[in-house]
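I have placed the structure first, in the form of structure tokens, so that the comments after it can refer back to it.
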Amino acid sequence: MNSPAPAVSPDGWGWLEAGIVSGDLLVPGNHARSWMFDTVQADPDGPTTHRLLAFTTDGRASVRRTTFELLAQLCFHFSEWPVVVFAAESALRDVDLPVRRTAAALLVHTGESDRALAALNASTDPVVRIALLHAVLRGKIPGHQATLKRLRRDPVPAVRLLANSAALSRDDSAAWPAMDAAIRADLEASIGVLNAPESRFAETAGELWARALIGLDREQDCCAWAERLANPAESRQVRLEGVRMAVAAMRAWRAAPGRVTPMLTGLLGEGPSEVRSAALRALALSLTASRLRVDDLAAVMDDPELGAVAATALGCVGDCRAVPHLVRLMLSDNDEPRLAAAFRAVARAGADPEAPVAAARQILAALPASCSPELPMRVLAVFGPAAVAAVPELIARLEGAENDTPDWAFYVLGQIGPAAAAAVPELRDYPTQGATFALLKITSDRAVAERYLAGRPEELRRGRFASELLTWLAEHSGLTVRQHKQLRSLFRVPGFEQVESAGALWLHEGPAVADELLAVLPQYLSDDLHGPKVLQVFTAMGSHARPILDRLDRFIASRRRAGFNIGDDDAEMRADEMLLAATIAARERIAG
């Protein structure tokens with residue numbers, strides 16, 4: 001076990017009760033929690049588990065909630081956990097609703113599938129049956145088809161909706177219209193039930209229906225239902241489900257933004273409402289949708305509620321009309337998560353740097369020299385040489401640095417380049433990679449890179465910084481024999497090093513390495529991190545990269561979004577949009 005035992009109280013287990021009562025055992029990183037998890041994983045049927053189970057019948061509802069939540073978190077380490085099953089079954093009758101919900105999910109995960117289905121068939125509690133059915137479907141428990149058939153006629157609308165959504169089958173498309181109608185009939189009564197507070201499932205009724213349609217690749221139906229539900233004749237709750245279904249469609253299919261943006265834009269013409277706000281935020285989530293409706297987004301930038309979202313979305317597609325609004329957002333310390341991306345896009349689109357740079361300098365001047373706020377630094381970096389006026393503030397960050405090295409200042413000075421020459425004396429005082437690379441980009445002195453690489457082994461196993469230096473040298477008069485060997489060693493390391501070194505390898509070896517690059521790099525084309533870099537290499541190769549055109553064509557022709565593992569559905573949608581655009585541009589250049 002990795003963690004030492006927690007402090008022992010007179011009865012030996014006081015720490016456990018104290019952690020449950022306070023809720024501290026639910027906090028990741030808590031020392032006692034770590035010890036408990038290590039102990040239970042090592043001995044699932046041991047004394048720690050049994051002591052924890054004793055709290056499942058405690059008279060305090062809050063204690064039972066925390067205990068079952070801990071068991072639910074622990075159960076992910078076990079496909080079955082017999083000692084916990086009895087406690088979960090008993091808790092299906094608990095007087096506390098959140099305890100019943102958690103126990104239902106715990107039973108499905110830790111018990112035999114027959115046991116979970118038996119509990120589902122026997123229960124008369126709607127909350128428990130919804131929780132059990134949700135967990136059974138999520139866990140893809142086998143043998144539930146007969147249960148599903150019965151539950152499609154259940155007296156509880158949310159149960160019927162779950163059952164009908166799960167019963168939709170690719171093998172019986174003739175039944176889709178009737179089943180869709182049944183789901184629609186139960187939709188309004190299910191809103192707020194499936195994702196009720198403290199439910200273990202966040203999907204709304206509309207999102208769950210959309211997921212079923214996406215699983216069957218029913219793009220047209222999903223978009224059509226989204227539009228029908230968002231109709232002004234429907235209730236507010238139903239209309240919001242329509243917007244949510246539109247968002248789900250955009251996340252799944254590349255053509256969906258073009259299908260649903262007219263409906264979403266129409267909602268912007270209504271008076272202020274929750275539906276209007278949801279529609280604007282939906283448009284802002286997708287780069288494609290935002291690009292299709294730039295004028296509509298621009299029209300709402302002064303809206304006190306929606307202006308920040310609209311301006312950020314507009315900026316993210318490179319529309320320079322957003323710049324004054326983005327500057328105001330930065331100065332007001334707004335927390336829009338995509339603000340830095342918006343500034344990057346407008347800078348690439350040729351926005352006037354004067355106001356953004358002045359705003360970034362204003363923020364830096366108001367803060368201690370030891371502080372390097374990320375957003376202003378990112379803004380200065382994206383404008384590069386045009387941010388030269390900020391060099392005095394950046395030098396102050398070098399002079400006033402405390403504890404941490406001023407990495408952001410190094411990076412920005414490097415992006416400014418030769419115009420930041422005044423910072424060179426300060427940079428020479430820092431023997432760090434960031435300062436070294438900034439020096440190289442400002443002075444263009446090969447000796448800066450060569451000194452660093454000379455101190456590194458000839459056989460490099462990893463090193464982003466070494467790849468950056470070798471690439472710079474390849475772009476500026478080429479590599480020595482030893483540096484070429486270092487570059488070759490990085491190219492043999494799968495992953496980041498291989499991708500980062502490929503461009504320099506092409507610069508140094510030219511067409512002689514084309515076949516090798518074509519054999520290795522295509523595996524990274526569908527990667528949101530590495531794909532853009534690989535496309536740059538293929539673009540530099542020009543006609544020598546033509547054997548890859550079929551692979552690019554297949555990616556471009558896909559109706560569905562590329563599957564990434566970012567952990568954020570909207571970020572994954574935008575990553576696909578950006579990679580698709582980069583792939584189309586690269587294909588055009590390669591094909592000539």
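No option in Arg244, Arg211, His134 other than Arg211 meets the side chain to side chain donor-acceptor pair (under 3.5 Å) test with Glu203.
Judged as a salt bridge (Lys or Arg N to Asp or Glu O under 4.0 Å), not a single pair has a partner in residues 330-351 (not counting sequence neighbours).
The ring-ring contact (aromatic ring centres under 6.0 Å, His included) check on Phe496 picks up nothing, with sequence neighbours excluded. Residues satisfying the side-chain contact (heavy atoms from CB on, under 4.5 Å) test with Ala582, not counting sequence neighbours, are Leu535.
You'll find the side chain of Lys533 stays beyond 4.5 Å of the side chain of His530, heavy atoms only. Side-chain atoms of Leu26 and Leu70, non-hydrogen and from C-beta on, do get closer than 4.5 Å to each other.
Under the 4.0 Å criterion applied to side-chain N and carboxylate O atoms, Asp154 and Arg129 are assigned as salt-bridge partners. Taking the charged nitrogens against the carboxylate oxygens, Glu305 and Arg276 have no contact shorter than 4.0 Å, which rules out a salt bridge. Under 4.0 Å is where a charged nitrogen must lie from a carboxylate oxygen, and between Asp217 and Arg559 at least one such pair does. Between Glu577 and Arg291, no side-chain nitrogen of the basic residue sits less than 4.0 Å from a carboxylate oxygen of the acidic one, so the salt-bridge criterion is not met.
Heavy atoms from other residues, nucleotides or ligands lying under 6.0 Å from CD of Glu270 number more than 12. Within 6.0 Å of atom CZ in Arg321, more than 12 heavy atoms from other residues, nucleotides or ligands are found, so the atom counts as buried in its surroundings. For Asp172, the CG atom counts as densely surrounded, since its 6.0 Å shell holds more than 12 non-hydrogen atoms of other residues, nucleotides or ligands.
Side-chain atoms of Arg33 come within 3.5 Å of backbone N or O of Leu25 as a donor-acceptor pair. Under the 3.5 Å distance criterion, the side-chain polar atoms of Trp176 are left unmatched by any main-chain donor or acceptor of Leu168. For the pair Ser277 (side chain) and Ser273 (backbone), a donor-acceptor distance under 3.5 Å is present.
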